[in-house]
Amino acid sequence: MITSARMHWQALTKVPVQVSTLPDPQVSLQHFTVGSPQPFSGYESSDFYYTGFGVSQDIPGPGKLRLEKSEAEKDAEYGKHRYEAAGREVEEKVKEIYFELFYHAKTLAILDRNQEELRQIQQIAETRYRVGQGLQQDLIKAQLQTTEILKEHAMHHQEEDQEQLELKQLLGRDPDSPNIEIGEVEATHLELDSMQLARLSDGGSPDLAADRAMEARSAEALKLAHQGYWPDFTVGYSFEKTGPGFRDYYMLNLGAKIPLYFWRRQTPAIEQAALEAESARERTMATQLQVSSVAESSLVAMRTAERMMSIYRDGLIPQAETSQASAMSAYQVGKVDFQTLVSSVLDLQNLRQEYYRSLADHEIAIAKLQQVIGDEK
């Protein structure tokens, strides 16, 4: 997609020089014979014989070439911004999938850890059951919970495999190539208030810049349509060689294409261009609102994720770790039941997963912000 957009933009940059160049001149040959179709017949006997050579050049009306060049330059600018937008879109998608893979990797690690803890709990439950201090029901519950973890483990593996395929496709890699390694992710610190965001999104969005370029192109097209009331011109010069004893002829021709049917051609063209210019302005306004909405939503998502990470990291997870350690010790001496212990393990598992979910969401929100404003901080 990026390569296609880049090639299209580069192709559009070749247009301005073409449309701003005069039309190709026309060269003509005239041969007038007398009495016979054979070449040079009547050359010595007729006053009407002649052979002529001429050249003519069409010249568009005043300002038309300049406006056509300007219109083509705006097309090229639009293509450039669409290329930038395609690049940012792919970059954001790659980051989003990468952070999702990071979340799955962390979740799988948590599940592996919990599975090991449940095995230890199951061993404790078996020991207590053998000495008559525990219930067989506790063993069944431990086995069921272990099965649930295996089920969740398989689900995350399936999602991970699917996202690896999507990421390879975006990066242009073979589906059978080795999986992309996922490293650690640290929370990105981004200081940005609403006023800064509005300024950066207004000036940094390639989608908005593309629509503005198209709006400017429509304005140039409207000017060009008004120039249609001006005639186009033709300049020609020819030389005619006559028979012996007669003087040669030299002829200068000046012509003009008169917009005689302006009410059927030029006037409707102006009305069409005016409507298209208004459409482009409305599209720019709609894109501006959309860009602003996406940026604000991403900023809110980023701040929400930051608050949630702080709550999990500094409050809930440490408390849950303490609660689990306490429940483990208490269960070994029979002060709490098995369900309380398992609940403490699962609560800690869920909180850790939610923390990494918030971290992934935080980085995805920043990736969406950067798609709008670029890498500016």
Going by heavy atoms in the side chains, are R82 and H8 under 4.5 Å from each other? no
Is any side-chain heavy atom of I180 less than 4.5 Å from a side-chain heavy atom of R173? yes
Could you check whether any side-chain heavy atom of M302 comes within less than 4.5 Å of a side-chain heavy atom of S298, counting everything from C-beta outward? no
Donor-acceptor pair between Q162 and Q158 side chains, under 3.5 angstrom: no
Heavy atoms of S70 and E220 approach each other most closely as OG-OE1, 2.8 Å
Check the angle between the aromatic planes of H157 and H153 and answer parallel, tilted or perpendicular using the 30° and 60° thresholds. tilted
From CA spacing to verdict: side chain to side chain donor-acceptor pair (under 3.5 Å), Q353, Q349: CA-CA 6 Å; Q353 285 183 243; Q349 169 189 313; 3.1 Å; yes
Tightest non-hydrogen contact, residues P231 and A256, listed as CB-CB, 4.5 Å
Do M309 and I110 land in one hydrophobic cluster if side-chain heavy atoms of ILVMFWY residues count as linked below 4.5 Å? yes
Quick one: does S205's side chain have a donor or acceptor within less than 3.5 Å of a partner on S201's backbone? no
Criterion side chain to side chain contact (heavy atoms under 4.5 Å, CB included) on K64 and L67, from CA distance to verdict: CA-CA 5 Å; K64 290 184 178 180; L67 289 171; 5.9 Å; no
Mind checking whether D58 and F233 have side chains closer than 4.5 Å, heavy atoms only? no
Evaluation steps, side chain to side chain contact (heavy atoms under 4.5 Å, CB included), between H362 and R357: CA-CA 9 Å; H362 179 266; R357 179 70 268 171; over 6 Å; no
Roughly how far, to the nearest 0.5 Å, is CD of E159 from OG1 of T107? 9.5 Å
Answer yes or no: does atom NZ of K74 have more than 12 heavy-atom neighbours from other residues, nucleotides or ligands under 6.0 Å? yes
L171, I97: one ILVMFWY side-chain cluster at the under-4.5 Å cut-off? yes
Please step through salt bridge (Lys or Arg N to Asp or Glu O under 4.0 Å) for the pair R6 and E84, ending with a clear verdict. CA-CA 8 Å; R6 177 170 56 85; E84 293 171 349; over 6 Å; no
Just wondering, more than 12 heavy atoms not from Q196 lying within 6.0 Å of its CD? yes
Taking every heavy atom of Y356 against every heavy atom of Y103, the minimum-distance pair comes out as C-CD1, 3.8 Å
Criterion side chain to side chain contact (heavy atoms under 4.5 Å, CB included) on V19 and L65, from CA distance to verdict: CA-CA 7 Å; V19 299; L65 291 181; over 6 Å; no
Evaluate the criterion salt bridge (Lys or Arg N to Asp or Glu O under 4.0 Å) for residue pair E96 and K368; output intermediate values, then yes/no. CA-CA 9 Å; E96 182 177 347; K368 291 184 182 296; 3.7 Å; yes
For residues V291 and Y78: do they belong to one hydrophobic cluster (side chain heavy atoms under 4.5 Å, members Ile, Leu, Val, Met, Phe, Trp, Tyr)? no
Is atom CG of D24 surrounded by more than 12 heavy atoms (other residues, nucleotides or ligands) closer than 6.0 Å? no
Using a cut-off of 6.0 Å, state whether more than 12 heavy atoms not belonging to M155 lie near its atom CE. yes
Using 4.0 Å as the upper bound for N to carboxylate O, is an ion pair formed by K106 and E184? yes
With a 4.5 Å cut-off on side-chain heavy atoms, are L208 and D202 touching? yes
Shared ILVMFWY cluster between L29 and Y237, side chains joined below 4.5 angstrom? yes
Please check if the side chain of T304 supplies one atom and the backbone of V300 the other of a donor-acceptor pair under 3.5 Å. yes
Taking the six-membered ring for Trp, are F239 and F53 parallel (under 30°), tilted (30 to 60°) or perpendicular (over 60°)? parallel
So which atom in G183 and which in F102 form the shortest heavy-atom distance, rounded to 0.1 Å? O-CD1, 3.6 Å
Heavy-atom nearest pair, L316 first then L351, reads O-CD1, 3.7 Å
Please tell me if the side chains of E363 and E186 come closer than 4.5 Å, counting only heavy atoms from C-beta onward. no
What is the distance from atom OG1 of T267 to atom NE2 of H226, rounded to the nearest 0.5 Å? 10.0 Å
Rounding to 0.5 Å, atoms OG1 (T234) and CG (N253) come to a distance of 9.5 Å
Within this structure, what is the CG-CE distance for the pair L359 and M308, rounded to the nearest 0.5 Å? 13.0 Å
If only atom types and distance count, is the side chain of S310 paired as donor or acceptor with the main-chain N or O of E306 below 3.5 Å? no
Do K168 and N179 have side chains that get closer than 4.5 Å, going by heavy atoms? yes
Nearest heavy atoms of P23 and Q57, plus distance in Å: O-NE2, 2.7 Å
The reported gap from CZ in F262 to CD1 in I270 (rounded to nearest 0.5 angstrom) is 10.5 Å
Atom pair CD (E100) and CD1 (I364), whose distance is rounded to the nearest 0.5 Å: 4.0 Å
Please answer whether the main-chain N or O of A280 pairs with a side-chain N or O of T284 as donor and acceptor at a distance below 3.5 Å. yes
Say whether, by atom type as modelled, one donor and one acceptor occur between the side chain of S293 and the main chain of L289 under 3.5 angstrom. no
S218 side chain to M214 backbone, donor-acceptor under 3.5 Å: yes
Using a strict threshold of under 4.0 Å (side-chain N to carboxylate O), is an ion pair present between E278 and R281? yes
Can you find a heavy atom in the side chain of L197 that is under 4.5 Å from one in the side chain of S292? no
hydrophobic_cluster_shared for Y229 and L222, side chain cutoff 4.5 Å: yes
Hey, is K95 close enough to E91 for a salt bridge, meaning N to O under 4.0 Å? yes
Is there a side chain to side chain contact (heavy atoms under 4.5 Å, CB included) between L101 and Y98? Walk through the geometry before answering. CA-CA 5 Å; L101 285 169; Y98 184 89; 5.6 Å; no
For the CD atom on E321, are there more than 12 heavy atoms of other groups (residues, nucleotides or ligands in this structure) within a distance under 6.0 Å? yes
